[in-house]
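Note that the numbering runs from 1 along the sequence shown for the chain. Below, each value reflects all heavy atoms present in this structure, side chains not excepted, and no hydrogens, waters or symmetry copies.
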Amino acid sequence: MSDPAFSVVVPAFDAETTIARTIRSVLDQTDHDLELIVVDDGSTDSTPEIVERAAAGDPRLRLVGQANQGTAAARNAGIGLARGRFISLLDNDDLWLPGFIAAVGAGFASAPKAGIAYSDVWILDDASKRIRRDRGLDGYGYPPERMDSERLLLELLRVNFITAATATMRREVIEEVGVFDPGIKGSDDYDLWLRIAVAGYGAIRPPGCLAVLRDRPGSQSKDRLMMARGLRDVLLRLADEVELSDAARAVIGQRIRDLDLAVRGFAGERDPRAAGFRLRHRLALAKTRITMPLKLRRHPPQEVVDALGSLEAL
């Protein structure tokens, strides 16, 4: 059997309530030239059994098991087994629309120097089962659909706008820059995107919202202090180890200062600047709580309904 064009890697841990729909969204792609590798990261529920049942009906799916080591290590295990020319990532509770693989493949075909692709997404509020569009950069401006490596690096230094569940990389890029660093907590994906840009690769963003991401309470990204520390550490290492342009050096310097203040604020330090940060953060959260429900659509877009059916069942 020939190697597939795409290898899709899904790390899974105690995902019995969501993994079946995630798998279905991959296997139902309009472009069938793919393999799906689910890496069970030491689940204690029925996740492995659910994946095994799905694999019995489709030879493109295989299950790999390991002791619990975290998302980065699970992704690395899947990447190590991947046979495709392109390696795509998806989380165990997120979903692709049927045209995701086809759109990414077309994007790479039109941009031979791009090393990574990503997409805009729909955000599903898991509590209300209502949906909103997310372009990832509200308040930051928005980069073009194609970026060379210099532009990609500058935009990433400002904010991480690439969602791992929509990221696809050329195999040769991973072979050159390496895989995820499990020692980086909460920001290992950001570290990899930056390494791709530093290595001279650009990015593409196929048009449209091509994935649905669940917004669930208690996710890792909700740990603000851990995330701020992880981001700061990634940028400090980059500034220390990589020769950057003057423009990039200015951006990264300001970002590190902002993150240092965020770390002090989230850690509860008592100095005035840290206290001021906490106040601004509480006000921002209050504003989000008020405005976010207004962004949720009363009726989901037809393209999502056609692909996934009723959101109530997700």
Discussion item. If the threshold is 4.0 Å, N to carboxylate O, is there a salt bridge linking Asp126 and Arg214?
Written reply: yes
Practice prompt. Taking all non-hydrogen atoms of both residues into account, name the closest pair between Ile131 and Trp122 and its distance.
Written response: CD1-CB, 3.4 Å
Item to complete: Verify, without hydrogens or angle tests, whether Asp91 (side chain) and Asp93 (backbone) share a donor-acceptor contact under 3.5 angstrom.
Response: no
Fill in: ILVMFWY cluster, Ile19 and Val64 together (side-chain gap under 4.5 Å)
no
Discussion item. Taking the side chain as everything from C-beta on, heavy atoms only, tell me whether Pro182 gets closer than 4.5 Å to Gln69.
Written reply: no
Fill in: Leu89 vs Thr168 side-chain heavy atoms within contact, under 4.5 Å
no
Fill in: Taking every non-hydrogen atom, the tightest pair across Ala239 and Leu244
CA-CD1, 4.4 Å
Worksheet item: Val179 and Leu238: same hydrophobic cluster, using ILVMFWY side-chain contacts below 4.5 Å?
Response: yes
Worksheet item: Looking only at atom types and distance, does a side-chain atom of Ser310 sit under 3.5 Å from a main-chain N or O of Glu312, one as donor and one as acceptor?
Response: yes
Discussion item. Closer than 4.0 angstrom, basic N to acidic O: yes or no for Asp271 and Arg264?
Written reply: yes
Discussion item. Counting only heavy atoms from other residues, nucleotides and ligands, does the tally under 6.0 Å from CG of Asp306 exceed 12?
Written reply: yes
Item to complete: Please check if any side-chain donor atom of Ser7 sits under 3.5 Å from a side-chain acceptor atom of Arg171, or the reverse.
Response: no
Worksheet item: So, Thr47 side chain and Ala15 main chain: donor-acceptor pair closer than 3.5 Å or not?
Response: yes
Worksheet item: Run the side-chain contact (heavy atoms from CB on, under 4.5 Å) check on Leu311 and Arg130 step by step: do they pass?
Response: CA-CA 7 Å; Leu311 298 186; Arg130 293 173 65 184; over 6 Å; no
Fill in: Donor + acceptor pair across side chains of Asp41, Gln66 (<3.5 Å)
yes
Fill in: Side-chain ion pair, Arg53 and Glu49, N-O less than 4.0 Å
no
Worksheet item: Are any of the side-chain heavy atoms of Val304 and Leu124 separated by less than 4.5 Å?
Response: no
Discussion item. If you apply the rule salt bridge (charged side-chain N to carboxylate O under 4.0 Å, His left out), what do you find for Arg85 with Asp33, and how did you get there?
Written reply: CA-CA 11 Å; Arg85 300 194 307 276; Asp33 193 8; 5.2 Å; no
Worksheet entry | Glu16 vs Ser46, side chain to side chain donor-acceptor pair (under 3.5 Å): CA-CA, chis, key distance, verdict | CA-CA 6 Å; Glu16 63 182 6; Ser46 62; 2.7 Å; yes
Worksheet item: Are His32 and Leu27 close enough that some pair of their side-chain heavy atoms sits under 4.5 Å apart?
Response: no
Discussion item. Show the nearest heavy-atom pair for residues Ser110 and Arg146, with the distance to one decimal.
Written reply: OG-NH2, 2.8 Å
Worksheet item: Taking atom CG of Leu90 and atom CD1 of Ile37, what is their separation to the nearest 0.5 Å?
Response: 13.0 Å
Worksheet item: Donor-acceptor pair, Ser43 side chain versus Asp45 backbone, under 3.5 Å?
Response: no
Worksheet item: For the side chain of Thr291 and the backbone of Lys287, is there at least one donor-acceptor N/O pair under 3.5 Å apart?
Response: yes
Discussion item. Can you confirm whether more than 12 heavy atoms, excluding those of Lys113, are under 6.0 Å from its NZ atom?
Written reply: no
Discussion item. Testing Asp240, Leu157, Val251 one by one against Leu235 for a side chain to side chain contact (heavy atoms under 4.5 Å, CB included), which residue passes?
Written reply: Leu157
Worksheet item: Step by step, would you call Ile23 with Leu36 a side-chain contact (heavy atoms from CB on, under 4.5 Å)?
Response: CA-CA 8 Å; Ile23 289 171; Leu36 171 56; 3.9 Å; yes
Practice prompt. Determine the sole option in Ile252, Ile256, Leu259 for which the side chain to side chain contact (heavy atoms under 4.5 Å, CB included) test with Leu236 is passed.
Written response: Ile256
Discussion item. Any non-hydrogen side-chain atom of Ile204 less than 4.5 Å from a side-chain atom of Tyr118?
Written reply: no
Worksheet item: So does Asp28 pair up with Arg21, basic N to acidic O under 4.0 Å?
Response: no
Discussion item. Are there over 12 heavy-atom neighbours, none belonging to Glu243, within less than 6.0 Å of that residue's CD?
Written reply: no
Practice prompt. Nearest 0.5 Å please: distance from the CZ atom of Arg273 over to the CG atom of Leu261.
Written response: 5.0 Å
Worksheet item: Any cation-pi pair here, Arg224 with Phe266, using under 6.0 Å and within 45°?
Response: no
Item to complete: Would you kindly confirm whether Tyr201 and Leu152 end up in one hydrophobic cluster when ILVMFWY residues are joined by side chain heavy atoms under 4.5 Å apart?
Response: yes
Fill in: Path from Ile50 to Val38 over hydrophobic side-chain contacts below 4.5 Å
yes
Practice prompt. Tell me whether Met169 is reachable from Val104 by hopping between hydrophobic residues (I, L, V, M, F, W, Y) whose side-chain heavy atoms are closer than 4.5 Å.
Written response: no
Practice prompt. Could you tell me whether a side-chain N or O of Arg132 sits under 3.5 Å from a main-chain N or O of Ile123, the two making a donor and an acceptor?
Written response: no
Worksheet item: Under 3.5 Å, side chain of Asn76 to main-chain N/O of Phe180, donor-acceptor pair present?
Response: yes
Worksheet, complete the sentence: For Gln29 and Leu97 the tightest heavy-atom approach is NE2-O, 2.8 Å
Practice prompt. Could you tell me the separation between the CD atom of Glu52 and the CG atom of Leu63, rounded to the nearest 0.5 Å?
Written response: 5.5 Å
Worksheet item: Heavy atoms, side chains only, cut-off 4.5 Å: are Arg133 and Pro301 in contact?
Response: no
Worksheet entry | Arg24 (side chain) donor-acceptor with Leu308 (main chain) under 3.5 angstrom | no
Fill in: Distance (rounded to the nearest 0.5 Å) between Leu156 CG and Asp191 CG
11.5 Å
Discussion item. Are the side chains of Leu225 and Val263 in contact, using a 4.5 Å heavy-atom criterion?
Written reply: yes
Worksheet item: If you take all heavy atoms of Pro11 and Ala74, which pair is closest and at what distance?
Response: CB-CB, 3.6 Å
Worksheet item: If you measure from CG on Asp31 to CZ on Phe100, what distance do you get to the nearest 0.5 Å?
Response: 12.0 Å
Indicate every side-chain donor-acceptor pair of residues 226-234 with a distance under 3.5 Å to a residue at least two apart or in another chain.
residue: Arg232; atom: NH1; partner: Asp260; partner atom: OD1; Å: 3.1

Practice prompt. Decide whether Asp94 and Thr22 meet the rule of one side-chain donor and one side-chain acceptor closer than 3.5 Å.
Written response: no
Worksheet entry | Derivation and outcome, side-chain contact (heavy atoms from CB on, under 4.5 Å), residues Leu210 and Asp120 | CA-CA 6 Å; Leu210 302 177; Asp120 291 334; over 6 Å; no
Worksheet item: side-chain contact (heavy atoms from CB on, under 4.5 Å) between Val26 and Leu34: does it pass, once the steps are laid out?
Response: CA-CA 9 Å; Val26 176; Leu34 60 87; 3.9 Å; yes
Fill in: Arg75 CZ to Leu192 CG distance, which is reported to the nearest 0.5 Å
9.5 Å
Item to complete: Of all the heavy-atom pairs spanning Pro4 and Glu35, show the shortest one and how long it is.
Response: CG-CG, 3.7 Å
Worksheet entry | Donor-acceptor contact below 3.5 Å, side chain Trp193 vs main chain Ile162 | yes
Fill in: Glu150 atom CD: more than 12 heavy-atom contacts under 6.0 Å
no
Item to complete: Taking Arg170 for its side chain and Phe108 for its backbone only, find out whether a donor-acceptor pair lies under 3.5 Å.
Response: yes
